[in-house]
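Encoded as structure tokens, the structure appears first; notes follow it.
We name chains A, B, ... by the order of the sequence lines, and we start the count at 1 in each one.
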Protein chains: 2
Amino acid sequence: MSARQRVTLESVAAHAKVSRQTVSNAINAPDVVKPETLTRVLESIAELGYQPSRAARQLRTRRSQILGYSLRPVPADAHGTIGDRFVHGLARAAQQRGYRIMLFASGNDEEEILQYDELLSGADLDGFVLTNTHHGDPRIAWLAERDVPFVTFGRPWGNADATHPWVDVDGAAGTAAATRHLHELGHTRIAYLGWPHGSGVGDDRRTGWSDVMAELGLPADGRWQETTENATEPARDAAATLLRRVSPGAVVCVSDSVALGVIRAAEAQGRRLAVTGFDDSAVALLAGMTTLAQPVTESAQRALALVLRDIGVDTVGPASRHEILAPQLVVRDTSIPPDPLPRTVGS
Amino acid sequence: MSARQRVTLESVAAHAKVSRQTVSNAINAPDVVKPETLTRVLESIAELGYQPSRAARQLRTRRSQILGYSLRPVPADAHGTIGDRFVHGLARAAQQRGYRIMLFASGNDEEEILQYDELLSGADLDGFVLTNTHHGDPRIAWLAERDVPFVTFGRPWGNADATHPWVDVDGAAGTAAATRHLHELGHTRIAYLGWPHGSGVGDDRRTGWSDVMAELGLPADGRWQETTENATEPARDAAATLLRRVSPGAVVCVSDSVALGVIRAAEAQGRRLAVTGFDDSAVALLAGMTTLAQPVTESAQRALALVLRDIGVDTVGPASRHEILAPQLVVRDTSIPPDPLPRTVGS
DNA sequence: GACAACTGTTTGAACGATCCAATCCGACGA
DNA sequence: TCGTCGGATTGGATCGTTCAAACAGTTGTC
């Protein structure tokens, strides 16, 4: 009920019989305070339950200890929880380091840049975490130009000399693992269904398949691949073509949605087919689909560490400025040994 | 490159040839400023691109213009985008009103309350938005006791005299609409598969079905319902029992996951069955499932308006302190007319 | 013994906004 | 002409922290 008096540096100082600044030092630069004074001050802080006012600190230091994270409208057909889990991991990692995540909404890159401007001058945000970066992303240029600390979840495709820190999942390693897995099961006729050429992520994932196929001396030319947009219906049609053309025993897919299309096509043609997806979405779980789980939480933690380093929070050793994390193969029912007679079509 | 001087109240005042306070008034209380002075000041603000320092304002007023939103770990089998879309709607609605959303992570109610305490004293948050409230939620008691403004997405089940503002989706209206829809298609043997008794949301949705059935003079006793936890596998087993017991022509389900279990059970038994789900998740879209779409974005907007009113941002007329929004029926393929001979168990 | 160097602590000023009290100014009435 | 009134505007104090410089106390050096 009664509004208790706010605990401030001054009141802690009085309680510990030192000055404001010494209490401040005890928090921000403990090494300059005499050990016995330090313990006395820390006791007072604990006893009074003191918490520094972020506003006052921010006003003086021009640092908010807050990072910005932009939300885009959620597409209607989204079934992933990747975004969800990434934000959660980010928020948790941040608050362990005394930082917080502030959200803002934007519809496109330009709008988002306007928000950057507003948040930097008005709210003194210390940095940003970007997702869904793309080729020639204007947000990256804007931030880099102003020396604003930021990190991207997703590597800068087609811009090898980008200097900002980033974290990404190794798509090629993922499809490579899936391809090897299918080969170990006995498959030799392994096709690939991916996104249209030109997207960094899609091309990367295709590479994993084609490299392993080459390594194994198995065919992976144009006849063994097909492309489709990232939805189940179009994927079904593309898969139907692919199945008729090379009659594969297994298909590595660029995503769970696409993989589901392949499964539907196989059912329609009455074929027995091994399929792998990518993302480990809820759909994959429901379909009992073998897929690749992205290390989302770990990505968030690494991303946070990278941007905090640029902000200057910890000046630990010169580790790499980017991280590539391998996804994990989740084996379920849809990766099955091949038919004894691979050539046989249908029931 | 060169760090341009920050635009402050003082510099705007100098530019407009008035005093600090007049500029402040132009922003916070335009009606006390003489019109011609006002326009002059506003022009200066626009010209210099002035933005008030949130830190300074917060230090003085003890208001941050920030609302807290807690994230819980995302369950592995989650396939909904409801949480995602709610946060997005919240962030967008907030920033239209000059507010921002700050995230924090917590694992349980107690941990979340500790975060409240920290955020209130350290960061001066103006209020909170809670989701996933439950019976006897300690968070609600804690916040209410301290007169902290907050709103919940989800009504206070079993606590009719709760006084805090809330927003919720009308589950009963949803299942009622589904039931009527099935009846209009010609169904009369309509069963229900729900969650175990005792959960507010689950019981509410069941009510919608049973009320309409009673209204239509159709049977809805215990034989026509079954319960299951919210996952596809258990739902399939429960559905199998239900189908054998009353041989329904249609089943209204408490969620999309459960509905998918019913579809699987019907396939296994070779039955033709109309099914409706709840939530309009990606799974429903993929399965071509008739379901109920929750007005998530609108809920977020209303929730924001309610909590801002308690904070005292707008003192508009005395509207209601809670809102119940109706979900929308999304008709797809799984709501089908009944067999000509409902008793026939098809091949 | 005087001065310098160093350690640990304290004091005053500043960050940029709002609150509060005081002042200005033109109009109006006596 | 002067005092009064009320709305518009001004200057000073304040919020709680950190920065920069000054201060006392001890030790070391020639």
- Message: Measuring from the side chain of Lys34(A) (C-beta onward, heavy atoms only), which nucleotide among dT9(D), dG16(D), dG8(C) has the closest atom?
- Response: dG8(C)
- Query: With no hydrogens and no angle check, do the side chains of Gln115(A) and Ser106(A) hold a donor and an acceptor under 3.5 Å apart?
  - Reply: no
- Any donor-acceptor N/O pair under 3.5 Å between dG16(D) base and Arg60(B) side chain: no
- Task: Please collect all side chain to side chain donor-acceptor pair (under 3.5 Å) contacts where either partner lies in residues 16-29 of chain B, sequence neighbours excluded, each pair once.
- Result: Ser19(B)-Thr22(B), Gln21(B)-Asn25(B), Ser24(B)-Asn28(B)
- Counting heavy atoms from C-beta on, name the nucleotide in dT18(D), dA17(C), dT10(D) closest to the side chain of Asn28(A). dT18(D)
- Message: Looking only at the side chain of Arg62(B) (C-beta and beyond, no hydrogens), which of the listed nucleotides dG12(C), dT10(C), dC15(D) gets closest?
- Response: dC15(D)
Between the protein and nucleotides 20-28 of chain C, list the N/O to N/O atom pairs that are separated by less than 3.5 angstrom.
none

- Could you pick out which residue, Val18(B) or Arg20(A), lies toward the 5' side of DNA chain D when each is mapped onto its nearest nucleotide? Val18(B)
- Message: Do Leu306(B) and Trp166(B) have side chains that approach each other closer than 4.5 Å (heavy atoms only, starting at C-beta)?
- Response: no
- With sequence neighbours left out, the residues meeting ring pair (Phe, Tyr, Trp, His ring centres under 6.0 Å) with Tyr50(B) are none
- Message: At less than 4.0 Å, is any side-chain N or O atom of Thr8(A) found next to OP1 or OP2 of dT17(D)? Yes or no.
- Response: yes
- Is the distance from OP1 or OP2 of dG11(D) to the nearest side-chain N or O of Ser19(B) less than 4.0 Å? no
- Partners passing ring pair (Phe, Tyr, Trp, His ring centres under 6.0 Å) against Tyr69(A) (at least two apart in sequence or in another chain): none
- Item | Any Thr22(B) side-chain N or O less than 4.0 Å from OP1/OP2 of dT9(D) | no
- What parts of residues 37-59 of chain B reach DNA chain D, counting only heavy atoms under 4.0 Å away? Thr37(B), Leu59(B)
- Message: Quick check for you: among dG11(D), dT9(C), dT18(D), whose closest atom lies nearest to any side-chain atom of Leu9(A)?
- Response: dT18(D)
- Report the residues that fulfil side chain to side chain contact (heavy atoms under 4.5 Å, CB included) with Glu43(B), sequence neighbours left out, ordered by chain and then residue number. none
- Parallel, tilted or perpendicular, as decided by the 30° and 60° cut-offs, for the rings of Tyr116(B) and Trp142(B): tilted
- Using only heavy-atom distances, determine whether the side chains of Thr152(A) and Thr133(A) contain a donor-acceptor pair under 3.5 Å. no
